[in-house]
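All figures in this text were calculated on a predicted structure; none of them were measured in a lab. Lettering follows sequence order; numbering is per chain, from 1.
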Amino acid sequence: MASKKFDLIPLPFETSSLKIWLSGLAKRKPNGDVVMRIAFVHDWPQDPGLAAGLQERLKEKQIIVPLPGKIRLIAGADTSYRRPLQSGVTALAVAAIVVLSFPELQVVEVVCRATAAPFPYVPGLLTFREGPALVKAFEELTHIPDVVLFDGQGLAHPKGMGIAAHMGILIDLPTIGCAKSRLCGVHDPVPTTKGSSVCLRHGQEVIGAVVRTRTGVKPVYVSPGHRSDIEGSVALTLELCRRFRLPEPIRLAHHAAGRFCPKPDEMA
DNA sequence: GCGACAG
DNA sequence: ATCTTGTCGC
């Protein structure tokens, strides 16, 4: 459940179960709880070829547009792994989603869920390893964020369908990809001062930006996922980097996923 | 054929 | 990502 490092606060404004229920992005669980609804549901292929094919079909649904003008809730999502209790068994993926108020950045909600992760890590197919756990976590979220940040690429992916883009289409919300290293694309050297950024290109197309979030510290790779654009993604990412290299939502999600201890009965 | 390669 | 303690530096 919630990581005890955080103090969950009540929202200082109107965002309730009623609101998400009316938005159409919610569903009611058997136990009565109103939580987020996954807008696009699909099976998780175990075959790399089918996975790549699915990315191409999802690409047609991707929309690159400016972020919403009013942002009150921002979420960060991250996944950690835990070695199986017995060797030779499938690894466990632990997904965490932390919702923060914006611009205060107070923790509003934390959800952690674990699932088996049979799909191996393959560059370009990261979503098929982390996606199942992330979807399970999103289905328990009781607050609908205005934008979600992921620890990986969005548009800056060989097929333009990095984990931020893929998940954005599944939850039908604005998303941003913020990766710690490069997957593809080329770029000029990034000025060493905080706030500097250069374009990340793939051929003649600009697919994202390399952003210096801390002076003298390795830059991060930012690219829009779904319903967001490059400029807005870079600007918001910088606003979310208060004292560290990574934006606060992702840092907190990373921490939450790492310390979560799943009980035997709460994994798929 | 030889590298590169999110987490 | 994960296996892992201490340690160098701002």
Side-chain angles (χ1 to χ4, degrees), chain A residues 44 48 51-52 54-55 58-59 62 76-97 112-135 137 148-169 175-187 192-194 200-203 207-226 230 233 237 243-247 249-262:
Chain A
W44 292 101
L54 176 55
Q55 291 184 322
L58 290 173
K59 179 65 180 174
Q62 182 180 41
D78 188 32
T79 305
S80 68
Y81 299 90
R82 306 207 61 183
R83 199 162 188 178
L85 299 177
Q86 299 171 37
S87 60
V89 181
T90 309
L92 191 66
V94 177
I97 298 173
C112 294
R113 285 295 182 279
T115 67
F119 203 97
Y121 167 66
V122 178
L125 299 180
L126 176 64
T127 309
F128 296 89
R129 181 165 174 70
E130 308 196 337
L134 286 169
V135 166
V148 185
L149 280 76
F150 291 82
D151 66 318
Q153 316 292 345
L155 231 200
H157 171 282
K159 285 189 165 61
M161 195 47 56
I163 192 166
H166 192 138
M167 292 304 300
I169 290 169
T175 59
I176 295 172
C178 182
K180 299 182 293 301
S181 61
R182 185 189 67 90
L183 173 60
C184 67
V186 296
H187 64 84
T192 185
T193 305
K194 175 180 181 179
L200 178 61
R201 292 190 172 76
H202 187 58
I207 58 177
V210 191
V211 185
R212 192 76 72 173
T213 58
R214 292 282 286 169
T215 299
V217 175
K218 183 180 179 184
V220 297
Y221 293 74
V222 179
S223 61
H226 183 51
I230 296 177
S233 294
T237 293
R243 315 174 48 183
F244 304 92
R245 176 166 83 121
L246 299 178
I250 289 179
R251 282 189 62 248
L252 297 180
H254 182 78
H255 182 273
R259 82 192 315 280
F260 180 66
C261 296

May I have the list of side-chain donor-acceptor pairs in residues 118-129 of chain A shorter than 3.5 Å, sequence neighbours left out?
from: Arg129(A); atom 1: NH1; to: Ala117(A); atom 2: O; distance (Å): 3.3
from: Arg129(A); atom 1: NH1; to: Phe119(A); atom 2: O; distance (Å): 2.8

Residues at least two apart in sequence or cross-chain that pass side-chain contact (heavy atoms from CB on, under 4.5 Å) with Ser233(A), listed by chain then number, are Ile176(A), Val222(A), Pro224(A), Ser228(A)

By side-chain contact (heavy atoms from CB on, under 4.5 Å), Pro219(A) pairs with (sequence neighbours left out) Val190(A), Val210(A), Arg212(A)

d(Asp151(A) CG, Asp78(A) CG) to nearest 0.5 Å is 3.5 Å

Practice problem: Remember a base hit wins even if backbone is also touched, and classify Leu134(A) as base, sugar-phosphate or nothing at under 4.0 Å, heavy atoms. | Solution: nothing

Taken to the nearest whole Å, CZ/Phe119(A) to C1'/dA1(C) is 16 Å

Annotated structure of DNA chain B as dot-bracket, pair cut-off 3.5 Å, Watson-Crick or G-U only, | for inter-strand, is .......

Its contact letters, B for base, S for sugar-phosphate only and - for none at protein heavy atoms under 4.0 Å, make nucleotides 2-9 of chain C read S-------

- Query: Checking all strands, does Gly124(A) fall into the base, sugar-phosphate, or nothing category for heavy-atom contacts under 4.0 angstrom?
  - Reply: base

Span of DNA chain B engaged by chain A, first through last nucleotide within the 4.0 Å heavy-atom cut-off, is dA4(B) to dG7(B)

Those residues at least two apart in sequence (or on a different chain) that pass salt bridge (charged side-chain N to carboxylate O under 4.0 Å, His left out) with Lys59(A) are none

Ala165(A) and Gln62(A) have their tightest heavy-atom pair at CB-NE2, 3.5 Å

Contacts under 3.5 angstrom, residues 180-187 of chain A side chains, donor-acceptor by atom type, not counting sequence neighbours:
from: Arg182(A); atom 1: NH1; to: Gly185(A); atom 2: O; distance (Å): 2.9
from: His187(A); atom 1: NE2; to: Tyr221(A); atom 2: OH; distance (Å): 3.3

Read 5' to 3' with Watson-Crick or G-U pairs under 3.5 Å, [ ] for crossing pairs and | for partners on another strand, DNA chain C gives ..........

**Item:** Steps toward side chain to side chain contact (heavy atoms under 4.5 Å, CB included) verdict (Trp44(A), Leu54(A))
**Value:** CA-CA 9 Å; Trp44(A) 292 101; Leu54(A) 176 55; 5.6 Å; no

Sorted by chain and residue number, the side-chain contact (heavy atoms from CB on, under 4.5 Å) partners of Ala156(A) (sequence neighbours excluded) come out as Gln153(A), Leu200(A), Ile207(A), Ser223(A)

Rounded to the nearest 0.5 angstrom, the OG1-CG distance for Thr213(A) and Leu246(A) is 7.0 Å

Checklist entry - Would you say the side-chain atoms of Arg245(A) pair up with the backbone N or O of Lys218(A), donor to acceptor, closer than 3.5 Å? => result yes

Contacts of Ala133(A) meeting side-chain contact (heavy atoms from CB on, under 4.5 Å) (sequence neighbours excluded), chain-then-number -> Ala93(A), Ala95(A), Thr115(A)

So salt bridge (charged side-chain N to carboxylate O under 4.0 Å, His left out) across residues 156-165 of chain A, not counting sequence neighbours, yields Glu56(A)-Lys159(A)

Is Gln153(A) touching bases, backbone alone, or none of the nucleic acid, heavy atoms closer than 4.0 Å?
-> base

